[in-house]
Each structure stands twice: as C-alpha cells, then as structure tokens.
There are 2 protein chains.
Amino acid sequence: MEIQLHIKMNEKLFLRNPEQSELGRKIIFHSIQLIHKNGFEDFTFKKLAKEMGSTEAGIYRYFENKHKLLIYLTAWYWSWLEYQLNFHTHNIDDPTVKLKRVIKLLASTVEDDVRTDHIDENTLHQVIITEGSKTYLTRNVSEDNKDQLFKPYKDLCAIIGNMIVECNPNYKYPKSLASTIIEMAHFQNFFMHNLPSLTDFGVHKDELEIISFLEDLVFSVLIKA
Amino acid sequence: MEIQLHIKMNEKLFLRNPEQSELGRKIIFHSIQLIHKNGFEDFTFKKLAKEMGSTEAGIYRYFENKHKLLIYLTAWYWSWLEYQLNFHTHNIDDPTVKLKRVIKLLASTVEDDVRTDHIDENTLHQVIITEGSKTYLTRNVSEDNKDQLFKPYKDLCAIIGNMIVECNPNYKYPKSLASTIIEMAHFQNFFMHNLPSLTDFGVHKDELEIISFLEDLVFSVLIKA
DNA sequence: CTAAAATGATAGTATTACTATCTTCTGTGA
DNA sequence: TCACAGAAGATAGTAATACTATCATTTTAG
C-alpha cells in the first residue's frame with residue numbers, strides 16, 4: 001500500500017502549482033537542497049535552474065521570485081508540522097502530555113516522510129531554522145499577511161495557544177507563549193550550532209537539552225499561573 | 001557642559017572608521033533612516049549615496065558591503081544597550097530588581113540619546129527589531145563570529161545570564177533564558193505590530209504588556225527552579 | 001488526432017554589487 | 001606659505017542578479 005500525503009497550498013504562493021508537475025516538484029526538491037547548501041542570500045533562480053538542468057524562465061513560471069518560494073516552503077513546512085502534531089496528539093486527552101509532544105516535535109530532528117517524495121523534511125527543517133523568520137521580517141509583512149501567506153504558521157500558533165489554555169485557563173499570555181516556544185525551538189537550535197555561547201547546550205549539542213529547557217520554561221509558567 | 005558618548009567598535013566591522021569623519025557619521029545616520037524606511041532588502045549603497053548627496057564609491061571606502069554595515073549598526077546598538085544597562089542597574093544589589101530593569105530596557109521604546117548626535121537610537125531600535133537577526137542568520141555566521149563581530153550581543157547575553165544566576169544559582173539554563181529574553185523582547189514587539197495574532201498584545205499594542213509577559217515568564221521559571 | 005498547455009532555448013533590460021582611476025579639496029607641519 | 005598626504009568627488013566599467021519577452025518544440029488531455 002502506497003500512501004501519498006498532499007498538502008493544499010494557498011494559491012497566492014505560486015503562479016503555477018508546483019505539486020502538479022514533474023518540473024514543479026523538482027523546483028521544490030532542489031531549492032531546498034540549494035538553500036540548505038549555500039544559504040538563501042546566495043540562492044538564485046539561475047543557479048537553481050542549472051542545478052536542476054532546467055532554465056531560469058521555467059522557474060519564473062512557477063514562482064514570482066525567490067522570496068515567494070521561501071514563503072511557500074515555510075508554509076508547507078508549518079502545514080506538514082500541524083499534520084504531524086494532530087497525528088501525534090491524537091487520542092491524548094491530557095493537555096500537559098499534548099504540550100510535551102508539541103515541544104518535542106518542534107525541537108527534534110525531523111525524519112524524512114516517505115509519503116512526500118519530492119520533499120526531504122529533514123533538510124527542509126534545517127532550512128526553516130535558518131531562513132524561516134526571513135519570510136516575515138520584511139517590508140511586505142502586512143501585504144503578505146493580507147494574502148494569508150502566513151496562515152499555516154498562525155494556525156499552528158493558535159493550536160498550541162489552545163493547548164496552553166487547556167493546561168491552565170488562567171494563564172494570560174497563551175499566544176505569546178506559543179510563538180515563543182515555536183521561535184525558540186528553532187533559535188536555540190541555531191545558536192547551539194553556530195553561536196553556542198548564547199545557549200547552555202554548547203557542550204553536548206543535544207536537542208534533548210533544548211526540549212528540557214522549553215518544557216521547564218513552559219510548565220513553570222503554567223503551574224505558577 | 002556637553003558630553004559626548006563614544007563607543008569603540010571592532011575594527012573588522014569597517015574599512016575606515018565612520019565615527020571619525022563627517023562623511024562616516026552621515027553614512028551611519030542616513031543608513032539607519034533608509035533601512036528603517038524601506039527595509040534592508042531594498043537598501044543599497046547607491047540609494048544611500050543619493051540620499052546623503054554623496055557617491056557610492058565613497059561609502060565603499062567605509063564599509064565592505066551592506067551586510068557589514070548592518071552588523072556594525074547592530075553591534076553598536078548592543079554596545080550602547082550594555083552601557084545603558086550598566087547605568088540603570090548601577091548601585092542596585094537585588095538581582096531581581098536588576099533583571100526587571102533589563103527586561104524593561106530591552107522591551108521599551110528607546111529615547112534618543114543626545115550624547116550621540118549622529119545616531120537616532122529610537123529609529124535604530126526599530127531597525128534592530130526587524131533586521132537584527134539577519135546579521136547572524138547567514139552562511140557566514142561562523143566566520144563573522146570568529147572575527148568577534150557578535151561580541152557585543154554575546155557580552156550582553158552573558159551579563160543577563162549572570163544576573164539570572166544571581167537570582168537563582170540552581171537554574172540550569174541561564175544563557176538560553178537570557179537569549180530568549182533578548183530575542184523575544186524584539187520578536188513579540190514585531191509580532192504585536194505586524195502579525196498580532198501571534199501575540200496577546202494585539203488589542204492595546206502596548207509595550208508594557210510585553211514587559212509583563214517577559215517578567216512573568218522569567219520569574220516563574222526562576223522561582224520554581 | 002488535434003489544439004492547448006507546458007517546457008526549452010535564447011535574448012534582452014534595468015538594477016545591484018562591486019572595483020578602478022583620476023581629479024579636486026582640505027588640513028597639517030616644515 | 002607652500003607642499004604634500006589623505007579624504008572625498010566624479011566618472012566609468014564589469015559581472016551578476018532579477019527579472020520579462022519571444023518563439024520553437026514537446027507533452028497531454030479531450
């Protein structure tokens with residue numbers, strides 16, 4: 001039995017749907033690899049075309065520009081993560097346990113999802129850690145936000161916020177705590193590997209320590225409130 | 001009595017010291033304004049030169065490229081903030097009070113420091129909120145880090161980390177908590193203004209609420225530990 | 001089998017990110 | 001006071017980036 005996982009993406013993210021053609025799927029696959037290899041600043045559609053054995057113009061038929069492509073990848077990632085989250089917290093009633101699963105999911109190395117053959121989730125995860133916040137730290141946030149481009153991120157944040165409320169209805173900042181968990185799961189990972197003195201994880205470089213840090217943070221606040 | 005404040009910057013940040021000439025100081029002043037106005041992605045040395053009534057080549061004599069200039073501005077900002085922090089926590093013994101001052105300093109709108117006439121600290125603060133993390137979220141982090149370009153940021157983080165240890169020597173993650181406070185003071189501000197559903201501050205858009213959120217977070221963790 | 005759609009190949013433009021060179025200005029110290 | 005060094009201005013040039021346009025060829029869907 002072969003199961004394919006398909007995530008429906010906001011149409012404003014692309015000019016032509018990359019999931020629906022071989023070329024489109026190659027764009028997704030190779031862009032993840034190239035951005036991971038050389039960083040988003042160095043990444044161009046010309047280099048991507050060369051890597052893929054295709055042409056620059058061909059890529060422009062799918063994506064308006066590289067920033068939209070990055071938002072696409074990020075949106076896909078958060079949607080996929082929401083799916084994973086639903087799966088892993090399914091049938092769990094205790095909100096504390098659910099929240100622990102979420103933290104683990106956010107802060108752990110991802111394993112490749114075999115149901116998506118044009119996306120290497122592990123590499124994508126690493127790309128999102130380094131490049132994810134560049135999607136919204138721009139002059140166009142508001143416009144892009146109006147086009148709902150950040151919906152998957154906001155949805156995930158809302159879900160986590162709701163779990164926090166379930167854990168403790170008296171806590172006053174569930175949404176901010178949720179966005180803090182998400183961002184810090186990534187930033188502490190980036191710091192651990194690249195600027196270790198900004199963390200307490202420089203010695204072992206172990207993701208489990210990030211999970212412990214976040215769990216301690218979240219549950220201290222929620223128990224106290 | 002006129003007092004000037006001067007911050008000695010790492011020499012690897014520039015080719016010619018911008019603080020030591022009128023042109024250099026104009027570069028600093030106008031780059032802050034331009035980056036604030038149109039964002040770092042849209043910012044070029046050509047546009048900056050036009051804005052200043054100078055030439056592109058002239059700016060290249062001071063800074064290798066716009067990324068180095070951004071790191072310069074960011075490093076200056078963190079150095080200045082460390083100075084402010086020392087000033088505001090001077091003669092205070094209670095580490096809890098000190099930590100509260102730090103949080104307030106990080107999360108509040110800055111007022112212009114009249115002792116630095118070529119830098120508008122309030123605008124610079126807003127620039128750092130949006131563009132600050134782009135200094136290190138690149139392929140060159142490690143190299144730039146070796147050149148000590150992030151020293152002011154790391155120093156500030158270490159100081160805050162030490163205050164955390166003073167508050168509670170048993171807490172296991174002082175450095176990560178410090179970097180979390182710093183980053184979240186900025187991110188929650190950015191979210192509040194641009195993606196308010198990621199925060200609990202969308203209604204009043206009031207920095208005081210961010211301060212309350214961070215204080216609650218920090219002291220819950222530290223009391224419990 | 002045919003028409004439409006997708007892709008490939010190629011070319012072209014404005015802007016970006018620089019480097020180089022030559023001239024002019026400006027301040028200092030002999 | 002003059003000369004000379006260093007800073008700044010003016011101008012030009014190059015390779016790469018970020019696109020757009022056009023036309024031929026291949027694929028595919030009815």
Side-chain angles (χ1 to χ4, degrees), chain A residues 9 11-31 34-35 37-73 118 131 134-135 138-140 143-144, chain B residues 9 11-31 34-35 37-73 118 131 134-135 138-140 143-144:
Chain A
M9 302 293 290
E11 305 219 337
K12 297 235 174 180
L13 284 167
F14 50 76
L15 301 171
R16 184 174 297 169
N17 193 334
E19 304 246 12
Q20 277 166 14
S21 74
E22 192 51 36
L23 182 63
R25 288 185 292 267
K26 273 175 72 182
I27 291 171
I28 302 303
F29 179 80
H30 287 100
S31 63
L34 252 191
I35 294 171
K37 196 175 160 210
N38 300 320
F40 187 64
E41 279 69 33
D42 183 67
F43 172 79
T44 70
F45 280 181
K46 191 159 208 164
K47 288 173 186 170
L48 175 58
K50 201 181 170 192
E51 177 92 359
M52 292 166 52
S54 179
T55 62
E56 211 184 346
I59 296 164
Y60 276 106
R61 289 188 184 110
Y62 282 84
F63 291 99
E64 217 177 308
N65 52 51
K66 70 173 188 168
H67 188 246
K68 280 278 166 67
L69 171 54
L70 182 63
I71 301 181
Y72 179 95
L73 295 176
H118 65 297
E131 321 291 355
K134 294 174 192 170
T135 54
T138 70
R139 198 74 351 200
N140 301 311
E143 247 176 83
D144 289 345
Chain B
M9 302 294 291
E11 305 221 336
K12 297 234 173 179
L13 284 167
F14 50 77
L15 302 171
R16 183 174 299 169
N17 194 333
E19 306 245 14
Q20 277 167 12
S21 75
E22 191 51 36
L23 182 63
R25 289 184 292 266
K26 273 175 72 183
I27 291 172
I28 302 304
F29 179 81
H30 287 99
S31 63
L34 253 191
I35 294 172
K37 195 175 160 209
N38 301 320
F40 186 65
E41 280 69 32
D42 184 65
F43 172 79
T44 70
F45 280 0
K46 191 161 207 162
K47 289 173 186 169
L48 175 58
K50 202 182 168 191
E51 177 91 0
M52 291 166 52
S54 177
T55 63
E56 212 183 347
I59 297 164
Y60 275 107
R61 289 187 185 112
Y62 282 83
F63 291 99
E64 217 178 308
N65 53 51
K66 70 173 187 169
H67 188 247
K68 280 278 167 66
L69 172 53
L70 182 64
I71 301 181
Y72 179 95
L73 295 176
H118 65 297
E131 321 292 356
K134 294 174 192 170
T135 54
T138 69
R139 197 78 348 203
N140 301 313
E143 244 176 87
D144 289 344

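Proteins get letters first, then strands, A, B, ... in listed order; numbering begins at 1 in each.
- Atoms CG and OG1, on B:Asn38 and A:Thr138 in that order, are 12.5 Å from each other to the nearest 0.5 Å.
- Contact check of residues 37-45 of chain A against DNA chain D (heavy atom, cut-off under 4.0 Å) returns A:Thr44.
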Under 3.5 Å, which protein N or O atoms sit close to an N or O of nucleotides 28-30 of chain D? Give each pair with its distance.
none

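- A close approach under 4.0 Å does occur between a side-chain nitrogen or oxygen of A:Lys47 and OP1 or OP2 of D:dT17.
- B:Tyr62 comes within contact range of the sugar-phosphate backbone alone, with a heavy-atom separation under 4.0 Å but no base atom that close.
- Sorted by first and then second residue, the pairs that involve residues 54-65 of chain A and meet side-chain hydrogen bond (donor to acceptor under 3.5 Å, both in side chains), not counting sequence neighbours, are A:Ser21-A:Tyr62, A:Glu64-A:Lys68.
- For residues 11-25 of chain A, proximity to DNA chain C is found at A:Arg16, A:Ser21, A:Leu23, defined as any non-hydrogen atom under 4.0 angstrom from a strand atom.
- With sequence neighbours excluded, the residues forming a side chain to side chain donor-acceptor pair (under 3.5 Å) with A:His118 are A:Glu19, listed by chain and number.
- Two residues are said to be in side-chain contact when any heavy atoms from C-beta on lie closer than 4.5 Å; A:Glu131 and A:Leu73 fail this criterion.
- Shown here are the side-chain contact (heavy atoms from CB on, under 4.5 Å) partners of A:Phe43, two or more places apart in sequence or in another chain: A:Ser31, A:Leu34, A:Ile35, A:Phe40, A:Phe45, A:Leu48, A:Lys66, A:Leu69.
- Of the residues in residues 49-59 of chain B, those with a non-hydrogen atom less than 4.0 angstrom from any atom of DNA chain C are B:Glu56, B:Ala57.
- B:Lys47 is linked by a side chain to side chain donor-acceptor pair (under 3.5 Å) to B:Asp42, counting only residues two or more places apart in sequence or in another chain.
- Distance OH (A:Tyr60) to P (C:dG12): 18 Å, rounded to an integer number of Å.
- Within the 4.5 Å cutoff, the side chain of B:Glu41 has heavy atoms near those of the B:Lys134 side chain.
- Donor-acceptor pairing under 3.5 Å, judged by distance alone, is absent between the side chain of B:Arg61 and the base of D:dG6.
- Counting non-hydrogen atoms of neighbouring residues, nucleotides and ligands closer than 6.0 angstrom, the NZ atom of B:Lys12 reaches no more than 12 such neighbours.
- Here B:Gln20 pairs with B:Asn17 under the side-chain contact (heavy atoms from CB on, under 4.5 Å) rule; sequence neighbours left out.
- Residues satisfying the side-chain contact (heavy atoms from CB on, under 4.5 Å) test with B:Glu143, not counting sequence neighbours, are B:Asn140.
- Remark: A:Lys37 pairs with no residue by the side-chain contact (heavy atoms from CB on, under 4.5 Å) rule, at least two apart or across chains.
- Rounded to a whole Å, the NZ atom of B:Lys66 is 10 Å from the C1' atom of C:dA17.
- Applying the side chain to side chain donor-acceptor pair (under 3.5 Å) criterion to A:Glu51, with sequence neighbours excluded, gives no partner residue.
- The distance between atom CG of A:Leu48 and atom C1' of D:dC19, rounded to the nearest whole Å, is 15 Å.
- When rounded to the nearest whole Å, the span between NE2 of B:His67 and C1' of C:dT16 equals 17 Å.
- Here the CZ-CD1 distance, from B:Phe14 to B:Ile28, works out to 9.5 Å after rounding to the nearest 0.5 Å.
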